[in-house]
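To start, the structure itself, in structure tokens.
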Amino acid sequence: MIEARGLSKVFGTAWALRELDLVVAQGELVALLGANGAGKTTTINLFLGFLQPSSGVALVNGQDVHKAPLASKRELAYIPEQVALYPMLTGLENLEFFTALAGHTDYTKAQLGEFLERAGLAPAAIERRAGTYSKGMRQKVGIAAAMAKRATTFLLDEPLSGLDPKAANEFSTTLRNLKHEGAAILMATHDIFRAKEVASRIGMMKAGRLVDQIDSASLGHAELEAVYLEHMRDDAATVTARAS
Ligand SMILES: Nc1ncnc2c1ncn2[C@@H]1O[C@H](COP(=O)(O)OP(=O)(O)OP(=O)(O)O)[C@@H](O)[C@H]1O
Ligand SMILES: [Mg+2]
């Protein structure tokens, strides 16, 4: 579970995140939408322990990220916008390296290959050097590493950006599968369409505040976009909840 209670971050005099209360339960995927600078990455970085909260708490699987940095990360996987791999190693060798770092040295090559296939990497690519991979292929190695770590909780910061429609579709399917297997997933994205496809709930952020949370099954794509644009209007700064 991912949980924020009154979580805030101030840089200088500016609130990057203001009193966030949020729960992402196991089996749920929450997508955070919001303009550039709305506080999405700040939120994720607070859950990762990369930033210290100015006030409030960030909890991962019941552990306070700030007080228990190691315990909170044990079952946590982070997938950034750009997954960095060693270019001279194959996809399989990269996965072997990252899973060993995460403490899993017991996987056979066949098992590691299965994780890569489940993440959607074409079998022919598994033994190729990662330096020849496209962005989507690198993202898939990141997903495989998260699965091999047996992560139950996922933080994703714009994992879909720059993926072609087919790769984004495959990535979305993988995320839905992880959700159905019981993972708790928090994903920052600018892609309203994909957010609607994969998320249980959509959170809308504006100027450091979570201004709305919407059950993604309750609205169509066009309605969702209309609600988003309404929140992002310059004069809608004081909107804190949707009237419904
Ligand atoms: N290290 C920092 N020092 C000072 N200000 C920061 C720092 N990190 C973020 N901010 C500020 O906090 C606010 C929120 O930034 P954040 O990166 O969380 O936005 P975001 O929603 O992820 O935006 P984007 O969609 O562009 O990725 C912005 O005003 C940003 O300038
Ligand atoms: Mg960001």
Side-chain angles (χ1 to χ4, degrees), residues 2-24 29-60 65-66 69 72 76-84 135-136 138-139 142-143 146 153-163 168 171-172 175 184-199 201-214 216 221 224-225 227-242:
I2 302 168
E3 186 176 1
R5 292 186 199 147
L7 186 63
S8 300
K9 182 68 191 177
V10 179
F11 291 112
T13 56
W15 294 78
L17 184 67
R18 199 156 189 154
E19 288 167 7
L20 175 71
D21 290 308
L22 177 72
V23 174
V24 186
L29 191 158
V30 173
L32 292 179
L33 294 176
N36 297 129
K40 303 177 298 295
T41 295
T42 300
T43 302
I44 287 175
N45 286 344
L46 284 161
F47 280 119
L48 286 164
F50 292 172
L51 292 174
Q52 195 175 324
S54 303
S55 58
V57 285
L59 301 163
V60 172
V65 170
H66 184 52
S72 68
L76 179 71
Y78 167 53
I79 300 177
E81 188 182 339
Q82 299 278 354
V83 171
K135 177 176 174 177
R138 288 195 298 274
Q139 297 299 97
I143 286 272
T153 316
F154 291 73
L155 297 169
L156 302 111
D157 198 355
E158 298 192 35
L160 296 160
S161 112
L163 295 191
F171 196 85
S172 298
L175 290 181
I185 307 170
L186 181 65
M187 174 173 87
T189 181
H190 289 296
D191 190 332
I192 296 182
F193 176 83
R194 294 287 166 200
K196 154 101 184 111
E197 295 292 298
V198 301
R201 270 180 295 133
I202 295 180
M204 298 197 182
M205 296 192 71
K206 180 172 187 176
R209 287 189 193 272
L210 183 64
V211 292
D212 207 349
Q213 283 198 68
I214 297 169
S216 52
H221 288 109
L224 191 62
E225 187 175 36
V227 171
Y228 176 80
L229 292 174
E230 178 63 21
H231 277 301
M232 296 305 133
R233 269 177 31 211
D234 286 343
D235 58 348
T238 55
V239 174
T240 51
R242 203 157 35 104

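Indexing begins at 1, ligand by ligand and atom by atom, following the structure's order. The first residue of the sequence shown is numbered 1, and numbering continues consecutively from there. Keep in mind it's a predicted model, so treat the numbers as computed, not measured.
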Exercise for the section: Determine, step by step, whether N45 and K9 satisfy the side-chain contact (heavy atoms from CB on, under 4.5 Å) criterion, reporting the C-alpha distance in whole Å, the side-chain angles of both residues, the deciding distance to 0.1 Å, and the verdict. Expected result: CA-CA 10 Å; N45 286 344; K9 182 68 191 177; over 6 Å; no
Handout entry: atom 7 (C) of ligand 1 protein-contacted, heavy-atom criterion under 4.0 angstrom
Key = yes
Completion exercise
Of K9, M205, K40, the residue with the heavy atom nearest atom 25 (O) of ligand 1 is K40
Handout entry: Separation between CD of Q52 and CG of L46, rounded to the nearest 0.5 Å
Key = 9.5 Å
Practice task
Sort out for me which residue in I202, L22, D21, L32 forms a side-chain contact (heavy atoms from CB on, under 4.5 Å) with Q213.
Solution key: L22
Exercise for the section: State whether the shortest distance between N or O atoms of G37 and N or O atoms of ligand 1 falls below 3.5 angstrom. Expected result: yes
Exercise for the section: Answer yes or no: does an N/O atom from G39 fall short of 3.5 Å to an N/O atom of ligand 1? Expected result: yes
Practice task
Measure the spacing between CD of E81 and CG of L163 and express it to the nearest 0.5 Å.
Solution key: 9.5 Å
Practice task
From the options I44, T41, L46, select the one whose nearest heavy atom is closest to atom 22 (O) of ligand 1.
Solution key: T41
Practice task
Just need the protein heavy atom nearest to atom 12 (O) of ligand 1, so name the residue and atom and give the distance.
Solution key: A16 CB, 3.2 Å
Exercise for the section: Please say whether the positively charged group of K196, taken as NZ for Lys or CZ for Arg, lies over the ring of F193, i.e. under 6.0 angstrom from the six-membered ring centre and within 45 degrees of the axis. Expected result: no
Exercise for the section: Run the numbers for me: atoms of ligand 1, each under 4.0 Å from some heavy atom of A38, listed by number. Expected result: 19 (O), 20 (P), 21 (O)
Completion exercise
The closest protein heavy-atom partner of atom 27 (O) of ligand 1 is E158 OE2, 3.3 Å
Exercise for the section: Could you give me the CA-CA distance, side-chain angles and deciding distance for K40 and H190, then say whether side-chain contact (heavy atoms from CB on, under 4.5 Å) is met? Expected result: CA-CA 10 Å; K40 303 177 298 295; H190 289 296; 3.6 Å; yes
Exercise for the section: Can you pull out the closest protein heavy atom to atom 18 (O) of ligand 1? Residue, atom name and distance to 0.1 Å, please. Expected result: T42 OG1, 2.6 Å
Practice task
Mark up the atoms of ligand 1 that fall under 4.0 Å of a heavy atom belonging to H190, in ascending order.
Solution key: 25 (O)
Practice task
Can you measure from CE (M205) to NE2 (H231) and round to the nearest 0.5 angstrom?
Solution key: 12.5 Å
Problem - Sub-4.0 Å heavy-atom approach of A35 to ligand 1 - result: yes
Completion exercise
Rounded to the nearest 0.5 Å, the CG atom of L224 sits from the CD1 atom of I192 at a distance of 6.0 Å
Practice task
Identify the protein heavy atom lying closest to atom 1 (N) of ligand 1, giving its residue, its atom name and the separation to 0.1 Å.
Solution key: F11 CE2, 3.6 Å
Practice task
Would you mind reporting whether K206 and M204 have side-chain heavy atoms less than 4.5 Å apart?
Solution key: no
Practice task
Examine all N, O or S atoms of T41, backbone included, and report whether one is under 2.8 Å from the Mg ion (ligand 2).
Solution key: yes
Handout entry: Closest protein heavy atom to atom 26 (O) of ligand 1, given as residue, atom name and distance to 0.1 Å
Key = N36 ND2, 3.0 Å
Exercise for the section: Considering only protein heavy atoms, determine whether one is less than 4.0 Å from atom 15 (O) of ligand 1. Expected result: yes
Handout entry: Any side-chain heavy-atom pair of Q139 and I79 under 4.5 Å
Key = yes
Problem - Under-4.0 Å heavy-atom contact with ligand 1, by part of A14 that carries it - result: neither
